[in-house]
Amino acid sequence: MQHVRSYAWNFLLLFLALSAFFPQWAQPLQNPVLLNSAADGEIAYTFLKFNLNASPDAGLGEMQKAEQEFKNIYFPGAIPSFGMNMNVKWARLDVDNNTDDENWMLYVEYPRIKELEIYITDPAGRQSLQHRTGYQIPFNSRIVQSVNFIIPVHLPPHSAARVYFRMRSDTAISFPVKLMRPLAVFQREGTHQIFFGLILGALLIMLAFNLFLMVLSRDRNYAYFSLYILSSLFFFTTQQGLFFKFFSTVSGLTVTYLIQTAIPLYAISSGLFLRHYISLQIFSKNLNRIYFVFLVLSLCWLLAMSFVPPLRLFMGNVILISITFLVILGTLIFAVYRRIRLAIVLIMGYSLPVCSGLAYLFRVQGVLPANFFTMNGLFVADVFTSVIFSYVLVLKLRELRLEKSEAIAREEIKSRFLAVMSHEIRTPLNSVLGHASLLKTGKEAGGNDRHIDAIQSSGQHLLHLVNNILESARADSADLSFSSEPIDLEKIIGDIMAMFSFGAEEKNLATQVFYDGSLPRRFISDSGRIRQILLNVIGNAFKFTDRGTVAVNVTGTEIGESQWSVKISISDTGIGLDEHQMKHVMDPFAQADSAVWRKYGGSGLGLTISKKIIERLSGVLAIHSEIDHGCTVDITLPLPKAVDTLVEKQSESLSVSEPELPRDHKTIRLLLVDDNESNRLLMHAFLEGTNVDITDAVNGRFAVEAFREGVFDLILMDIQMPEMDGLEATRIIREIEKTSGPPGGGIPILALSGNAFAEDKMKSIEAGCNKHLVKPISLNDFYQEIRNFYPNFRVNLDH
């Protein structure tokens, strides 16, 4: 990349040096400049001389007296070019008509000459014809209405003549003059019109095409690119004289300024398109600022042009177009350096315009010769750029349509998800609220147990649904946590099959379990994750099977020392899946169809979560199914064999060593810290009739104050609270204990929070909690956690 920077810097220095110096590159030679090409119908032995030092007010008589001032000038290439020059130039064309033809035409194939006066004299010096033309002459007033200058002349056969040309331009002067037969002139003009007509037509087609795409897509890329093509059209028509053909009444100084405005328009449109196309606001704020300054300066120059003299106007445009190409080159280098995806397209689209534009610029300055490429290459390049970027923008439109289709598909999935979630959440909520209302009104006295059971069942369903949604979100972010512990795979499968045995009996389903006896008894893996996978897959098998059999087949192959590849196949004879359903069965919230969902329910998350967990365990999940013929799910996992001497598995819940506290308290003094009144009320209800005395604190700040003023045996700490959260309060309490705490260890602090992830548990432990309990917690589990610290905890006391 250093080489790229070095080359770019050297090129910049060379470019600026050439831009600051406009040499004429004209050398006197002994031989004349010949204009003899019989194929073009030109006269043989015709040559051209120039007087470069003529006074602006000098007339023909003075030029005839100053013959010694006319020099044979060498120009690189076939076309004389003086570069940027506002001075009057005189040229002398010596003709020897050795043919029998007397009707000829002077053909000046350069429409940018402002003033052109032609004098034809005989050998005696007498003036025989005078004509005045130039682009400031209205198009409909020209002898031959052509964008180039065509002047009929009469030359007697086998005679000599001398033609003087007085020329002036407000930009650069090139002088491609020829003396040709009329037929050859019109043939050349026809070719000229066909060539530039193709360029004009191509630009117009590209303009109409991009305007259509702009209306269709409403993308600013197309608007800016249409402006770019429009400015290219204006630049092309003014440079080639076509503008004056279409607006024949335009003349004089207005023409000069119209021609010059094409440059800033071209610069502004190029900058707007490139800036937006490459999204500089995202990739480089500094380069985006440079573009902003460049565009503002270009606009200011455009607005100020009518107040600038022609010479300075032209010089300002040369500087502006130079800066434009430098900005484009810098952007291309930046795109390659940053490896932007569009870099290749940018280089393809701008390589030819930049090269031909620099050649055009150097020709205007007189550095390069005037030839077809330096005079017309930029217009051909504009067509090339228009086609390339139009094609690329079409591809972008196709991508936008694809993104729109994907967005619509995502919206459909989202709508389906909302419908499923609405059903899955509202159904158990309806049960909870309905049964709670019956309990509150006291209806059906003596039958409260079934209402309580319904509330508990619905609550468990809601908890399972929330856990699935959270697990899916964590799986998408690759944020799943795993543990390594000895697991009894056969026992896990047996327990899960036993869970579904009651439902299987109701459906009269047969169940089969085969566990290969050659497999090790225990493996090393995450017991919770393996259980989660099998619960989801085996649960689906029972859910979607109304008759027949659900079978689990476990086999394996030893693939290395103490390493096994275990294959668990779960087969059923249920409804199965067709080919279309198989493609989307792994999509989140997907069900086979609406009828299936209405009949069987479910969130559609289980299989998706299972697949992601299996992949994180370096395993593979494969599904084989046929509609109405059941389904087989194959789970292949690489599992290490557990060594018999392995230490007992680590506890999934993180804890620190229990404090050494007296265990003979008759009453356990509990500090309950929770900002939610309902949760505090629930804890009071849980501990009613026990030997626990409760003190409430509504946030961490009040908990710290209560701890300073009172004596407690246990703290139940919520985590998310206003003013001061549970983690900060725990840290402060532990700091207080270090200086004034009781001997034998700190007070047990149990975090009770809705934060259920492993990192949340770790944060609680690091803050100083002895254990992290997750809401909702069952009554029996809550009692057991208290007994772990205080075995004298008792329930159903008489008060």
Side-chain angles (χ1 to χ4, degrees), residues 464 467 471 474-475 478-501 511-539 541 551-570 606 609-621 633-658 756-762 764-765 770-774 778 780-781 784-785 787-788:
H464 176 71
N467 287 337
E471 283 291 300
R474 289 172 63 81
D479 197 25
L480 291 173
S481 58
F482 294 86
S483 62
S484 296
E485 54 192 348
I487 63 169
D488 189 332
L489 184 59
E490 185 176 12
K491 184 177 184 304
I492 291 174
I493 294 174
D495 291 344
I496 293 174
M497 294 297 286
M499 289 176 57
F500 293 103
S501 60
T511 59
Q512 298 175 0
V513 177
F514 171 77
Y515 192 90
D516 190 346
S518 64
L519 291 172
R521 176 70 178 173
R522 297 199 302 175
F523 296 95
I524 297 294
S525 189
D526 188 320
S527 175
R529 296 299 181 187
I530 296 296
R531 186 179 298 273
Q532 183 180 6
I533 294 169
L534 295 177
L535 269 173
N536 285 328
V537 178
I538 295 176
V552 180
N553 188 38
V554 184
T555 58
T557 306
E558 192 171 6
I559 57 177
E561 185 177 356
S562 301
Q563 186 78 14
W564 287 75
S565 176
V566 179
K567 182 178 181 180
I568 307 171
S569 297
I570 297 96
I609 297 172
S610 299
K611 181 176 184 294
K612 292 175 180 177
I613 295 174
I614 291 169
E615 291 174 348
R616 291 289 302 277
L617 292 171
S618 302
V620 178
L621 183 145
V633 179
D634 292 329
I635 302 170
T636 305
L637 294 170
L639 298 176
K641 176 184 176 182
V643 182
D644 293 337
T645 58
L646 190 65
V647 181
E648 191 66 26
K649 70 177 183 177
Q650 300 175 345
S651 175
E652 180 181 353
S653 61
L654 300 172
S655 63
V656 297
S657 59
E658 297 179 6
F757 298 140
E759 60 267 25
D760 298 316
K761 299 178 182 180
M762 180 64 72
S764 298
I765 301 304
N770 296 76
K771 201 159 188 182
H772 183 102
L773 309 179
V774 179
S778 69
N780 291 333
D781 290 342
Q784 185 57 48
E785 293 296 341
R787 288 193 181 98
N788 288 339

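Reckoned from all heavy atoms, side chains included, excluding hydrogens, waters and symmetry mates.
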Student check: side-chain heavy atoms of Thr555 and Phe514 closer than 4.5 Å
yes
With side chains defined as the heavy atoms from C-beta onward, is the minimum distance between Ile492 and Leu534 less than 4.5 Å?
yes
Donor-acceptor contact below 3.5 Å, side chain Asp526 vs main chain Arg529
yes
Side chain to side chain contact (heavy atoms under 4.5 Å, CB included) involving Glu558 - partner list, sequence neighbours excluded
Trp564
Can you list the steps and then say if Leu637 with Ile635 is a side-chain contact (heavy atoms from CB on, under 4.5 Å)?
CA-CA 6 Å; Leu637 294 170; Ile635 302 170; 4.0 Å; yes
Could you give the distance from OG (Ser525) to CD1 (Ile533), rounded to the nearest 0.5 Å?
7.5 Å
Is there side-chain contact between Arg531 and Ile496, with at least one heavy-atom pair below 4.5 Å?
yes
Tyr515 and Leu489: CA distance, side-chain angles, deciding distance, side-chain contact (heavy atoms from CB on, under 4.5 Å) verdict:
CA-CA 9 Å; Tyr515 192 90; Leu489 184 59; 4.0 Å; yes
Tell me, please, which residues at least two apart from Val774 pass side chain to side chain contact (heavy atoms under 4.5 Å, CB included).
Ala756, Lys761, His772
Is it true that a side-chain atom of Glu615 and a backbone atom of Val620 form a donor plus acceptor pair closer than 3.5 Å?
no
Note, Ile538 side chain near Met497 side chain (heavy atom, < 4.5 Å):
yes
Would you say Ile568 and Thr636 make side-chain contact, with heavy atoms under 4.5 Å?
no
Check whether any side-chain heavy atom of Ile487 lies under 4.5 Å from a side-chain heavy atom of Arg522, and answer yes or no.
no
Do you know which two heavy atoms are closest between Gly556 and Asp516, and how far apart they sit?
N-OD2, 4.4 Å
Nearest heavy-atom pair of Glu485 and Ser527: which atoms, and what distance?
OE2-N, 3.0 Å
Begin from the C-alpha positions of Leu617 and Ile530 and carry the test side-chain contact (heavy atoms from CB on, under 4.5 Å) through to its verdict.
CA-CA 10 Å; Leu617 292 171; Ile530 296 296; 4.2 Å; yes
Correct closest heavy-atom pair for Ile570 and Ala541 would be CG2-CB, 3.9 Å
Is the shortest side-chain heavy-atom distance between Lys567 and Asp634 below 4.5 Å?
yes
Distance from Ser610 atom OG to Asn536 atom CG, nearest 0.5 Å?
3.5 Å
Taking atom types as modelled, find out whether Asn788 and Gln784 have a side-chain donor-acceptor pair closer than 3.5 angstrom.
yes
Heavy-atom pair of closest approach, residues Pro486 and Ala642:
CB-CB, 4.3 Å
Do Leu773 and Glu785 make a side-chain contact, defined as non-hydrogen atoms from C-beta onward lying under 4.5 Å apart?
yes
